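Everything below concerns the one structure shown next.
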Amino acid sequence: MNDSWVYHHFINTFLFSLTMFGVAFCVLGVLLYMLWKEKQKEGPKENKSS
């Protein structure tokens with residue numbers, strides 16, 4: 001009984017860590033995508049002006 005509880009607790013902790021990592025990765029990805037989009041907007045403008 002005790003072993004199964006420890007196993008269940010380990011699974012929950014692992015899933016929680018994995019979820020938190022996934023959320024953080026998604027947020028970083030969105031931020032990087034937004035920054036890349038901003039740079040892509042600035043790129044053509046600089047090329048046209050120059």
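All figures in this text were calculated on a predicted structure; none of them were measured in a lab. Atoms considered below: every heavy atom in the structure, side chains included; atoms not considered: hydrogens, waters and symmetry mates.
Remark: Gln40 CD to Tyr33 OH distance equals 9.5 Å, nearest 0.5 Å.
Under the rule for a ring-ring contact (aromatic ring centres under 6.0 Å, His included), His8 has no partner lying at least two apart in sequence or in another chain.
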Please table the atom pairs, donor to acceptor, closer than 3.5 Å between any side-chain atom in residues 18-25 and protein atoms at least two apart or in another chain.
residue, atom, partner, partner atom, Å
Thr19, OG1, Leu15, O, 2.7

